[in-house]
There are 2 protein chains.
Amino acid sequence: MSVTAAKGFTAAGIAAGIKQTGNPDLALVVNTGPRRAAAGVFTSNRVKAAPVLWSEQVLKSGQLSAVILNSGGANACTGPKGFQDTHATAEKVAEVLGTGAGEVAVASTGLIGVLLPMDKLLPGVEAAAGALSEHGGEKAAIAIKTTDTVHKTSVVEGDGWTVGGMAKGAGMLAPGLATMLVVLTTDADVDSESLDRALRAATRVTFDRVDSDGCMSTNDTVLLLASGASGTTPAYEEFAAAVRTVCDDLGQQLIRDAEGASKDIKVEVVNAASEEDAVEVGRSIARNNLLKCAIHGEDPNWGRVLSAIGTTRAAFEPDRLNVAINGVWVCKNGGVGEDREKVDMRYREVHIVADLAAGSEAATIWTNDLTADYVHENSAYSS
Amino acid sequence: MSVTAAKGFTAAGIAAGIKQTGNPDLALVVNTGPRRAAAGVFTSNRVKAAPVLWSEQVLKSGQLSAVILNSGGANACTGPKGFQDTHATAEKVAEVLGTGAGEVAVASTGLIGVLLPMDKLLPGVEAAAGALSEHGGEKAAIAIKTTDTVHKTSVVEGDGWTVGGMAKGAGMLAPGLATMLVVLTTDADVDSESLDRALRAATRVTFDRVDSDGCMSTNDTVLLLASGASGTTPAYEEFAAAVRTVCDDLGQQLIRDAEGASKDIKVEVVNAASEEDAVEVGRSIARNNLLKCAIHGEDPNWGRVLSAIGTTRAAFEPDRLNVAINGVWVCKNGGVGEDREKVDMRYREVHIVADLAAGSEAATIWTNDLTADYVHENSAYSS
């Protein structure tokens, strides 16, 4: 399944020795055609990793033959040498596959500021190419994990065509994009302009609205490759809906595996004057550390929701705000509403609705609670 | 000392029964004149507590005779009844002191969304008035504590005049203003316009640059009252410097007492194109949860500093950024710099310098690390 669910793709995931643990750390995804159309979206962080700078350039042609992905090192903030390493990796992939480096995207994830062990990575490329298989999607998904506790894959079947994908990400999950690497494949015969349009439309309402810890990565990459192997060109809307469904599914899997989280929080902002207002308010709520601690403590602390709303530029009147937590309207008209004792917070899913009473637009942001485990995991990550 | 270090002020701090613990929870500060000039700055949160709405109105006259402050309840998001309670509190103070309610500022701190126990607060006002003393500053500072582990006071002596003050705050510390109540007093003979100018200039570079957890309160209040009792009118710059020194000192005390913190972090942004850029970058670094966890783990993870800088709109080139942690330039020109093993992080003070190489402006933001204790304290606060 995963990236090899669609016809016209092979993949592999191997342990190249980049990670000191010996766990799988190198994935290769190859488009065997007949088409090579592709699209990508990347982090909006202005400090971009070398593989992001490389892949953005490569994507300008709208064509990709392969994607090489490594965990165990982000190759970010590594200067000219880091970019040379990314280039050399793409060249090596092109050499073993008999294609051009200009059709090879590179993605990396792991610690920032450390050069990759090229003496292990380049031989790893040969080993990965030797392991390519039409059933290799699962192994590829496993090889891109960092602090992920599970690998993430998703597949949607169309009428004679398929969209599938894999994702990694468990921390530094924040908008524009959630911190992650994602490769989506399809055997639908779709040109690169339509792929780009469908991918941007999908990420805008899925990965861009996953905000685990407010931290934006230097390496976020989402790629969509189309082989055309099904011989079918679906209607654009149908295809775009499938891409969105896969992105949504993978985004949910990212949140559910967020570092140290004990609660998955759905922040739904309704009756906003604009979608932008709804997104701004949703992000402000999702990033409020005090609220995230309260949710961890199963405390329906709606005052922290209101104080988060109050820091935004969105249109609202303080005395018309309403907030529901798990279906109980604990805040009405900016003040005390239903009895907070009625709120049942025993389960992992928490649903916050913020009603701005200022219009008819809405948006949903996904986040999680802030826990001692998050602190522990992220205070020990690089040392 | 505290608010009674300057001549012309009395104060009291008592236990009125607002807190269920029986700890002191009501403070009264009275200006005995001969002057009554005053100025105030308040939270920029658009969801403002009732006492903030009240005190903003009162301050328009530039005159204050007294300030009544309670801990044990924020009186925020409490609707019309909450505002009536604030008004009734000011009326009661005016009644017992023989002044007008329009010269009484009110400040509250504690849980949002809960009405104050007026049956305890109003008799408390009488008790506080009965306890007023020229030596009551310390007790007043103690009575405004919430999760503070220590009370905070500061005094600067001028040539024949004094500026003193008290502060409370340990969480929800964020810009515009850090979450806190602060009352400053002086016996200098200064008009309300000069007080306002000096107070805004001071808070802009002190409390506004204390960012403990990125959470902005609904109740932040900083008041400055001048009795004129020294009979001295200092030069404006001299007076403004004293106010800034007291604000800076109290701001440092707030950060050192931040909830659960084990490290005090000074984030200094240098060589920025503008002061605004420096402040934006400093805040972005100070609010990065992953970095704050890394600092807690004594890990000089400069990659997280760069990823935080990259999310800002400030002028910079990624390959010209430099970062020092505790004096070691671990990042040079956007890449690996000096050996990170050289960074000594055993002490509570951590100093991060971010060099944007884009100009000559600078700013410093104060924050602290993110710890399991912070999570614990804030997941259990209201329950």
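Quick note on labels: first sequence line is chain A, next is B, and so on, each numbered from 1.
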Donor + acceptor pair across side chains of A:Thr109, A:Lys168 (<3.5 Å)
yes
Output the option from A:Asp373, A:Val114, A:Thr312 having the highest count of non-hydrogen pairs under 4.5 Å with chain B.
A:Thr312
Donor-acceptor contact present, side-chain B:Arg320 to main-chain B:Leu356, <3.5 Å:
no
Please determine whether a side-chain nitrogen of the Lys or Arg among B:Glu298 and B:Arg346 lies less than 4.0 Å from a carboxylate oxygen of the Asp or Glu.
no
Contacting region of B:Leu321 [heavy-atom separation from chain A under 4.5 Å]
side chain
With chain A, the option among B:Gly334, B:Gly82, B:Pro80, B:Gly335 that has the most non-hydrogen atom pairs under 4.5 Å is B:Gly334
For A:Asn75 and A:Thr86, which I'm curious about, is there any donor-acceptor pair between the side chains at under 3.5 Å?
yes
Checking side-chain hydrogen bond (donor to acceptor under 3.5 Å, both in side chains) against A:Arg348, which of A:Asn368, A:Asp369, A:Asp264 comes through?
A:Asp264
Shorter than 4.5 Å, heavy atoms on both sides: which option in A:Pro318, A:Cys77, A:Gly113, A:Ala372 has the most such pairs with chain B?
A:Cys77
Just so I understand: if I count every heavy-atom pair under 4.5 Å between each of B:Leu115, B:Ile309, B:Thr371 and chain A, which residue has the most?
B:Thr371
